[in-house]
Amino acid sequence: MSGRSTFYVTTPIYYVNDVPHIGHAYTTLACDVLARFMRLDGRDVHFLTGTDEHGQKIETAAAAAGLAPQAYADKVSQSFRDLLGTMNYSPDNFIRTTEKRHYAACQALWEKLVAAGDIYLGKYAGWYSVRDETYFAEGETEVGPDKKRRAISTGAEVEWVEEPSYFFKLSAWSERLLALYEKNPRFIGPDSRRNEVMSFVRGGLQDLSVSRTSFSWGVPVPGDPKHIMYVWLDALTNYITECGYPDTGNPNWKYWPADLHMVGKDIIRFHCVFWPAFLMSAGLEPPKRVFAHGWWTIEGQRMSKSLGNGINPAELVNAYGLDPVRYFLLREVPFGNDGDFSRRALIGRLNADLANAYGNLCQRSLSIIAKSCGEQVPPKGAITDADTALLDRARRLLAIVRAELEEQSFHKALTSIWEVIADANRYVDAQAPWALAKTDPVRRDTVMWVLAETIRRVTLLVQPFMPDSTAKILDQLAIPADARTFAAFDRELESGTTLPKPQGVFPRFVEPAAAAD
RNA sequence: GGGCCCGUAGUUCAGUGGUUAGAACGAGCCGCUCAUAACGGUUAUGUCGCAGGUUCGAAUCCUGCCGGGCCUACCA
């Protein structure tokens with residue numbers, strides 16, 4: 001192939017006990033933007049998402065639905081696959097843990113852990129609720145006045161149960177994990193999570209139960225098929241299954257180690273502690289970086305099934321449009337922080353940032369060109385200091401955005417881009433091309449060229465965030481398909497190119513009720 | 001209980017020792033008229049959670065208090 005540097009980015013594989021909501025959409029969106037950016041920037045990208053389909057919960061849920069586990073998993077997995085189209089995601093593959101190749105990868109990894117001496121047979125003991133069919137940690141239970149111990153969350157009685165289980169010697173890995181974090185400060189992001197993980201590991205690690213005998217929906221342990229692999233060992237392995245593991249001669253093996261595992265903050269431990277320990281034990285490289293983003297609240301309230309306030313991404317897209325939703329999610333909140341999702345905030349962003357600032361900049365500029373410059377890219381005449389100032393700010397944007405996305409600072413990348421959009425709007429007012437039309441049409445043409453060129457640069461950079469809308473704008477600038485990557489970032493607009501009739505790309509959102517007034 | 005973090009204009013936040021504490025959105029006023037009644041200019045608002053302390057000087061460092069959040073492992 002080529003010597004292009006690879007970029008492997010993954011979403012968590014989503015557990016099929018829930019239908020997709022805005023939280024899933026958010027994680028995958030962040031990865032999608034990175035994947036698109038890196039592709040435009042010339043990287044050899046592999047972007048993976050998929051579903052996690054094993055475990056007792058699925059076995060139970062399937063039985064309740066009167067379906068075989070596989071049939072149940074097929075159904076819910078499809079709803080996650082549907083989300084790809086709804087949100088315009090661009091994964092290179094959608095992996096499922098029920099694929100044959102994944103069983104092979106899990107079992108191969110298991111055998112490596114055994115060979116490394118990190119697996120032993122022991123007993124898993126804990127407070128088990130027969131009614132809930134699950135174990136509870138000591139702290140999740142309490143002894144009531146009748147001296148009986150119950151699970152706090154469900155109120156069900158629990159009993160002390162022991163079952164045979166294989167264990168992974170996680171306790172032996174504390175020092176090596178800490179060394180990994182020390183040596184690679186970028187391994188966990190943001191920094192607050194890194195501190196959290198490090199203090200957790202410093203506190204000492206217990207061995208991890210990595211098999212169960214209480215259910216059968218999962219990957220059998222090699223040589224002892226009564227045991228099913230712990231679902232997390234199974235799930236995490238998907239990242240290397242995709243690369244062909246255990247066949248390191250597979251063409252996809254070039255993508256390992258992953259550049260980035262994107263995760264929600266709830267599963268950071270699995271990715272930052274268990275996963276690198278498994279990998280290092282098996283003699284594999286850990287991923288380069290794990291980034292944990294925050295949670296969305298909905299109109300100030302925690303998202304929860306019981307409140308029924310989970311947001312269906314498809315409904316959101318129907319109401320406000322796909323690209324505004326994509327933009328809002330990554331612009332509104334510093335990536336890594338928790339944020340609040342509100343209709344008011346979304347509409348504010350849509351109207352202020354998209355319709356008024358960016359959309360109107362395009363429309364007012366392209367309208368003048370269409371009406372007064374003969375529907376073609378106007379000639380670039382003598383360049384003034386004001387022109388150079390604006391053009392330079394737009395030119396510098398690529399390096400800025402690249403650096404921000406390297407740190408997953410989506411909001412900062414967008415802020416930087418929108419500063420130039422604001423500069424461009426100021427420039428229009430300062431240059432007043434409508435006045436120049438009467439006094440100096442040659443200068444007017446140059447001003448319009450500068451604006452078109454600035455819009456071109458800005459729009460190239462917005463592509464990963466809002467692919468559909470930016471494609472329309474680039475069409476209106478008659479940018480050929482092969483001039484839309486960052487390799488063409490410095491290829492200036494050619495004067496004389498015929499332009500199509502401009503059309504607004506980001507209409508203002510008006511409340512349906514208000515529109516009727 | 002232990003650990004970590006946060007509390008700054010109406011709102012969201014930036015600012016981690018040094019002149020009169022900033023930005024965006026929202027609000028008022030003025031201007032422009034190319035544009036999606038969009039754009040530009042301008043004004044206003046803050047006991048920087050509270051109380052002490054260190055310092056020539058603190059939103060910024062220390063202590064205590066009040067308020068809020070996160071972590072404290074094997075459902076995922």
Side-chain angles (χ1 to χ4, degrees), chain A residues 12-18 52-58 60 124 126 129 132-140 153-154 165 167-168 170 191-212 230-235 264-270 273-274 294-295 331-334 337-340 342 344-345 348-349 351-372 411-412 415 418-419 422 424-437 444 447-448 451 502-510:
Chain A
I13 45 174
Y14 301 113
Y15 203 52
V16 294
N17 69 336
D18 194 8
D52 178 12
E53 309 186 5
H54 290 136
Q56 184 165 33
K57 277 199 174 181
I58 304 309
T60 307
Y124 181 67
S129 158
D132 301 321
E133 294 183 359
T134 184
Y135 282 92
F136 289 92
E138 179 101 14
E140 293 176 316
S153 56
T154 67
S165 168
F167 280 81
F168 175 76
L170 189 63
D191 285 343
S192 54
R193 299 296 165 197
R194 179 167 183 267
N195 295 339
E196 222 169 79
V197 169
M198 287 182 73
S199 82
F200 173 77
V201 174
R202 277 200 201 97
L205 297 171
Q206 297 170 20
D207 289 348
L208 187 68
S209 165
V210 287
S211 77
R212 292 296 145 79
Y230 175 45
V231 276
W232 268 107
L233 177 53
D234 166 355
K265 65 181 184 180
D266 55 329
I267 55 174
I268 192 161
R269 174 169 312 143
F270 302 100
V273 180
F274 300 171
W295 290 129
R331 172 62 185 81
E332 183 66 5
V333 175
N337 290 9
D338 289 350
D340 184 55
S342 75
R344 200 177 141 199
R349 288 286 172 202
N351 286 342
D353 297 359
L354 299 183
N356 296 352
Y358 183 32
N360 189 49
L361 171 68
C362 296
Q363 186 66 5
R364 68 196 301 207
S365 304
L366 293 169
S367 295
I368 295 174
I369 291 172
K371 283 187 202 156
S372 311
H411 68 297
K412 285 190 187 171
T415 302
W418 257 255
E419 278 170 10
N425 270 319
R426 270 188 287 275
Y427 173 89
V428 182
D429 279 37
Q431 300 299 321
W434 50 90
L436 289 171
R444 188 267 322 277
V447 166
M448 296 323 297
L451 280 166
Q503 218 172 11
V505 170
F506 298 109
R508 279 183 71 80
F509 180 86
V510 180

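Here is how names work: the chains are called A, B, and so on, in the same order as the sequence lines, proteins then strands, and each is numbered from 1.
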| field | Pairing partner (Watson-Crick or G-U wobble, both distances under 3.5 angstrom) of B:C4 | value | B:G69

| request: Without swapping roles, check the side chain of A:Ser165 against the backbone of A:Ser211 for a donor-acceptor pair under 3.5 Å. | output: yes

| task | Scan nucleotides 7-12 of chain B nucleotide by nucleotide, 5' to 3', and note B when protein non-hydrogen atoms come under 4.0 Å of the base, S if they reach only the sugar-phosphate, - if neither. | result | ------

| query | Reading nucleotides 29-41 of chain B from the 5' end, what letters show protein touch, with B for base, S for backbone sugar-phosphate only, - for no heavy atom under 4.0 Å? | reply | --BSSBBB-SBSS

| query | What does A:Ser209 touch in the nucleic acid at a heavy-atom separation under 4.0 angstrom: a base, only the sugar-phosphate, or nothing? | reply | base

| task | For residues A:Gln363 and A:Gly504, report the shortest heavy-atom separation together with the two atoms involved. | result | OE1-N, 3.4 Å

| Which value, in whole Å, describes the distance between the C1' atoms of nucleotides B:A23 and B:U45? | 15 Å

| request: Measure the shortest side-chain to side-chain distance between A:Leu205 and A:Phe274 over non-hydrogen atoms and say whether it is less than 4.5 angstrom. | output: no

| Nearest heavy-atom pair of A:Arg193 and A:Ile268: which atoms, and what distance? | CB-CD1, 3.4 Å

| request: Give A:Asp52 one of three labels, base, sugar-phosphate or nothing, depending on what nucleic acid heavy atoms sit under 4.0 Å from its own. | output: sugar-phosphate

| message | Suppose we define a pair by two distances each less than 3.5 Å, Watson-Crick or G-U wobble; what does B:C13 pair with here? | response | B:G22

| query | Which value, in whole Å, describes the distance between the P atoms of nucleotides B:G57 and B:U72? | reply | 44 Å

| Between A:Asp353 and A:Trp232, who's closer to the 5' end of RNA chain B by nearest nucleotide? | A:Asp353

| request: Remember a base hit wins even if backbone is also touched, and classify A:Gly204 as base, sugar-phosphate or nothing at under 4.0 Å, heavy atoms. | output: base

| query | What integer number of Å spans the C1' atoms of B:A38 and B:G22? | reply | 27 Å

| said: Say we look at B:G52 and B:U60: how far apart would their P atoms be, to the nearest angstrom? | reply: 14 Å

| Rounding to a whole Å, what distance do you find between A:Ile268:CD1 and B:U72:P? | 11 Å

| field | Nucleotide B:G2, atom P - distance to CZ of A:Arg202 in whole Å | value | 19 Å

| request: Using the P atom on both, measure B:U19 against B:G67 and round to a whole Å. | output: 34 Å

| query | Can you say whether the rings of A:Trp232 and A:Phe270 are parallel (under 30°), tilted (30 to 60°) or perpendicular (over 60°)? | reply | parallel

| request: Please state how far atom NZ in A:Lys57 lies from atom P in B:C74, giving the value in whole angstrom units. | output: 13 Å

| said: Taking the minimum atom-to-atom distance to the side chain of A:Leu205, which one of B:A73, B:C70, B:C74 wins? | reply: B:A73

| said: Taking A:Ala422's backbone N and O only, do any of them form a donor-acceptor pair with A:Tyr427's side chain (distance below 3.5 Å, no angle check)? | reply: no

| Who pairs with B:A44 - Watson-Crick or G-U, where each distance is under 3.5 Å | none

| request: Can you tell me which residue pairs pass the salt bridge (charged side-chain N to carboxylate O under 4.0 Å, His left out) test with a partner in residues 361-372 of chain A, sequence neighbours excluded? | output: A:Arg364-A:Asp429

| query | Distance-only, no hydrogens or angles: does the A:Asn351 side chain make a donor-acceptor pair with backbone N or O of A:Phe509 under 3.5 Å? | reply | yes

| For B:C39, which nucleotide is its Watson-Crick or G-U wobble mate, given both distances must be under 3.5 Å? | B:G31

| said: Taking any heavy-atom pair under 4.0 Å as a contact, classify A:Tyr15: base, sugar-phosphate, or nothing. | reply: sugar-phosphate

| request: Determine the interatomic distance between C1' on B:C48 and the same-named atom on B:A21; round to the nearest Å. | output: 8 Å

| message | Taking only the C1' atom of each, what is the distance from B:A24 to B:G64 in whole angstrom? | response | 36 Å

| P atom, B:C34 versus B:G7: distance in rounded Å? | 47 Å

| Atom of A:Pro433, atom of A:Arg444 and distance for their closest heavy-atom approach | O-CG, 3.3 Å

